[in-house]
Amino acid sequence: LRNCRICKKEAIVYINYANISLCSEHFIEFYERKIFKILKQLDLRNKCILVALSGGKDSVALLFALYKLQAIFNYKLKVLHIDLGIGDYSKRSLEVSAKLTEKLNIPLIVFDLKKEFGWSIHDAVKIIRKPACSICGLVKRWVMNKVAIENECDYVATGHNIDDVNTFVLKAMLTYRPEDIIRLPRPILKPNLEVKLAGRIRPQFYATERENLLYTLVNGLDTVSIECPLARDAKSKKYRQIWEEIDKVNPVGKINFVNTIIKIIDKLDTGEMSDIKLCKICGYPTYSRDICTFCSMRMRIDSKLKNEES
Ligand code: AMP
Ligand code: FES
Ligand code: ZN
Ligand code: ZN
């Protein structure tokens with residue numbers, strides 16, 4: 001580690017893709033500028049952003065950065081924590097989320113799956129034969145959108161980082177799932193209130209996992225360090241290791257990889273949006289089918305639980 005490129009004080013981090021060393025103060029500036037660049041593409045004055053806070057390092061860093069940038073953009077913040085009902089992991093996640101929102105004085109909405117649906121993710125994985133993370137992801141996306149619409153929020157902000165995105169793309173390619181790449185999460189998705197679809201922002205789209213962690217550390221923020229016990233996706237972890245190797249060979253590779261994909265899919269007209277309808281059951285958007293994927297799954301879980309009761 002050399003000295004900070006900007007102030008010459010002792011550096012705490014070396015950013016390989018930019019070839020700069022930074023002290024904590026200038027790292028914070030560097031990091032927040034990254035978030036700023038995504039947000040400035042939108043007019044956020046008087047808009048409401050619902051921050052999806054899990055309590056993990058990514059979303060904790062996200063909430064804190066959005067809190068600090070609030071004065072520049074003049075948006076309103078609300079926070080959503082979804083209690084997934086996964087034992088101690090969920091207890092600790094709620095605790096961290098409650099403490100942070102209290103400290104920042106931002107309203108926290110807790111959506112407790114067990115209370116709202118009568119089942120938790122823990123119960124759902126025993127019934128639906130799909131990887132826990134894909135069940136969980138489906139439920140989370142539906143809940144985030146519903147809570148945003150009900151609370152008059154224009155956007156949902158999530159803590160996805162460039163390592164998540166790259167791993168997602170690599171995995172989709174290696175398992176031949178071109179449809180996943182076409183639906184690649186983007187930094188910004190505009191709201192479509194006519195079909196009750198809140199907008200999405202992923203302000204950390206170009207931030208690395210390591211930068212998110214460091215941002216929580218330099219700001220003294222508490223995060224959940226235990227991993228979700230249901231997430232046994234060993235493959236994703238291995239794909240992440242492949243990225244570490246690529247990173248050593250070409251530090252700009254991660255950014256170029258995702259930007260290449262985005263450039264290609266932007267040239268495609270997938271026509272997906274034109275197919276959008278409202279689900280006959282929940283009234284939230286669905287693509288092509290009459291009943292959304294979430295409601296179909298929910299019906300299966302409900303009927304299974306009813307059968308077990310009788
Ligand atoms: P994951 O799908 O677990 O990688 O999480 C991606 C993003 O979704 C996180 O950065 C959060 O913004 C959001 N998120 C994940 N879990 C929760 C939760 N239990 N409550 C609210 N938001 C969540
Ligand atoms: Fe979703 Fe563990 S947090 S499966
Ligand atoms: Zn400095
Ligand atoms: Zn539905």
Side-chain angles (χ1 to χ4, degrees), residues 49-66 78-98 100-101 108-113 117 120-125 128 130-149 155-165 167-168 185 195-197 200-205 207 209 212-213 216 223-224 226-233 236 240 276-287 289-300 302:
I49 302 177
L50 181 70
V51 183
L53 179 65
S54 68
K57 61 180 184 335
D58 301 311
S59 54
V60 166
L62 172 67
L63 178 60
F64 196 72
L66 289 180
K78 289 183 186 175
V79 174
L80 165 67
H81 175 76
I82 306 168
D83 189 337
L84 303 166
I86 311 177
D88 285 344
Y89 167 73
S90 289
K91 279 201 196 106
R92 173 85 180 117
S93 303
L94 175 59
E95 201 178 278
V96 168
S97 302
L100 180 61
T101 46
L108 171 68
I109 301 161
V110 177
F111 191 99
D112 184 330
L113 296 189
F117 302 154
S120 64
I121 296 296
H122 188 83
D123 304 322
V125 295
I128 306 288
K130 265 193 195 165
C133 290
S134 82
I135 299 172
C136 181
L138 178 63
V139 173
K140 282 193 283 205
R141 279 192 300 277
W142 185 87
V143 171
M144 284 175 196
N145 185 60
K146 175 188 156 77
V147 172
I149 297 289
Y155 292 94
V156 175
T158 52
H160 293 94
N161 60 53
I162 197 162
D163 296 292
D164 296 327
V165 178
T167 303
F168 176 88
V195 290
K196 295 217 265 177
L197 186 65
R200 286 296 295 267
I201 39 177
R202 298 174 172 91
Q204 294 151 314
F205 199 84
E209 204 167 37
N212 288 348
L213 176 64
T216 64
T223 59
V224 181
I226 30 175
E227 269 182 59
C228 168
L230 300 179
R232 300 233 183 281
D233 189 0
S236 280
R240 266 170 206 259
I276 204 161
K277 302 191 244 187
L278 294 180
C279 167
K280 290 233 162 83
I281 293 180
C282 67
Y284 285 98
T286 170
Y287 302 90
R289 286 187 221 137
D290 283 346
I291 293 175
C292 75
T293 353
F294 169 75
C295 287
S296 319
M297 185 179 80
R298 186 177 179 177
M299 286 191 296
R300 273 201 284 158
D302 288 347

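Indexing begins at 1, ligand by ligand and atom by atom, following the structure's order.
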Undergrad: Under 4.0 Å from atom 3 (O) of ligand 1, is there any protein heavy atom?
TA: yes
Undergrad: Side chains of I281 and R298: does their closest heavy-atom pair fall under 4.5 Å?
TA: no
Undergrad: I need the nearest protein heavy-atom contact for atom 17 (C) of ligand 1: residue, atom name and distance, please.
TA: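 The closest heavy atom on the protein side is S54 CB, 3.4 Å.
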Undergrad: Has C136 got an N, O or S atom lying less than 2.8 Å from atom 1 (Fe) of ligand 2?
TA: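 Yes.
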Undergrad: Is there side-chain contact between L80 and F111, with heavy atoms separated by less than 4.5 Å?
TA: yes
Undergrad: Is there a side-chain contact between L278 and V195 (heavy atoms, below 4.5 Å)?
TA: yes
Undergrad: In terms of residue, atom name and distance, what is the protein heavy atom nearest to atom 21 (C) of ligand 1?
TA: L53 O, 3.3 Å
Undergrad: Quick check for you: with the Zn ion (ligand 4) as the vertex, what angle do SG of C279 and SG of C295 span, to 10°?
TA: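 That angle works out to 110° after rounding to 10°.
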Undergrad: Do C279 and F294 come within less than 4.5 Å of each other through their side chains, counting heavy atoms only?
TA: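 Answer no - side chains too far apart.
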Undergrad: I need the contact type for D83 against ligand 1. Using non-hydrogen atoms and a strict under-4.0 Å cut-off, is it side chain, backbone, both or neither?
TA: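 Looking at D83 and ligand 1, no heavy atom falls under 4.0 Å.
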Undergrad: Below 4.5 Å, heavy atoms only, C-beta onward: do H160 and P185 meet side chain to side chain?
TA: no
Undergrad: Do ligand 1 and I82 have nitrogen or oxygen atoms that lie under 3.5 Å from each other?
TA: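 Yes, I82 has an N/O under 3.5 Å of an N/O on ligand 1.
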Undergrad: Does some side-chain heavy atom of R240 sit less than 4.5 Å from a side-chain heavy atom of D164?
TA: yes
Undergrad: Suppose I only count heavy atoms of L80 and a 4.0 Å limit; which atoms of ligand 1 are within that range?
TA: 21 (C)
Undergrad: Would you find a donor on one side and an acceptor on the other, under 3.5 Å apart, between the side chain of N212 and the backbone of L62?
TA: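 Such a contact is absent between N212 side chain and L62 backbone.
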Undergrad: Out of D163, I162, T167, which one pairs with E209 under the side chain to side chain contact (heavy atoms under 4.5 Å, CB included) rule?
TA: D163
Undergrad: Return the closest protein heavy atom for atom 8 (O) of ligand 1 as residue, atom name and distance.
TA: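 Closest protein heavy atom to atom 8 (O) of ligand 1: M144 CE, 3.8 Å.
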Undergrad: Evaluate the side-chain proximity of T101 to H81: yes if any heavy-atom separation is below 4.5 Å, no if none is.
TA: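 A side-chain contact under 4.5 Å is absent here.
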Undergrad: Are any non-hydrogen side-chain atoms of S97 and V79 less than 4.5 angstrom apart?
TA: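 The answer is no; the side chains never approach within 4.5 Å.
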Undergrad: Counting each atom of ligand 1 from 1 as listed, which ones have a heavy atom of S59 under 4.0 Å away?
TA: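 Numbered from 1, ligand 1 contributes 10 (O), 11 (C), 12 (O).
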Undergrad: Quick one, L197 with N145, criterion side chain to side chain contact (heavy atoms under 4.5 Å, CB included). Give me CA distance, side-chain angles, the key distance, then yes/no.
TA: CA-CA 7 Å; L197 186 65; N145 185 60; 4.0 Å; yes
Undergrad: Among protein heavy atoms, which lies nearest atom 6 (C) of ligand 1, and at what distance?
TA: H160 NE2, 3.5 Å
Undergrad: A52 heavy atoms, cut-off 4.0 Å: which ligand 1 atoms fall inside?
TA: 11 (C), 12 (O), 13 (C), 21 (C), 22 (N)
Undergrad: A157 versus ligand 1: do any nitrogen or oxygen atoms come within less than 3.5 Å of each other?
TA: no
Undergrad: If you have a sec, work out which protein heavy atom is nearest atom 2 (Fe) of ligand 2 and how many Å separate them, to one decimal?
TA: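 Protein heavy atom at minimum distance: C228 SG, 2.1 Å.
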Undergrad: Given I109 and L50, is the side chain to side chain contact (heavy atoms under 4.5 Å, CB included) satisfied, shown in steps?
TA: CA-CA 10 Å; I109 301 161; L50 181 70; 4.2 Å; yes
Undergrad: Mark up the atoms of ligand 1 that fall under 4.0 Å of a heavy atom belonging to T158, in ascending order.
TA: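 That gives atoms 12 (O) of ligand 1.
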Undergrad: Checking contacts here: is it the side chain or the backbone of L84 that comes within 4.0 Å of ligand 2, counting heavy atoms only? Could be both or neither.
TA: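 The answer is the side chain.
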Undergrad: Please report, to 10°, the angle around the Zn ion (ligand 4) from atom SG (C282) across to atom SG (C292).
TA: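 With the Zn ion (ligand 4) as the vertex, SG (C282) and SG (C292) sit 110° apart.
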Undergrad: For atom 5 (O) of ligand 1, which protein heavy atom lies nearest, and how many Å away is it?
TA: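 Atom 5 (O) of ligand 1 sits closest to the protein heavy atom K140 NZ, 4.4 Å.
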Undergrad: Considering only non-hydrogen protein atoms, determine which one is nearest to atom 9 (C) of ligand 1 and report residue, atom name and distance to 0.1 Å.
TA: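 Protein heavy atom at minimum distance: G159 N, 3.9 Å.
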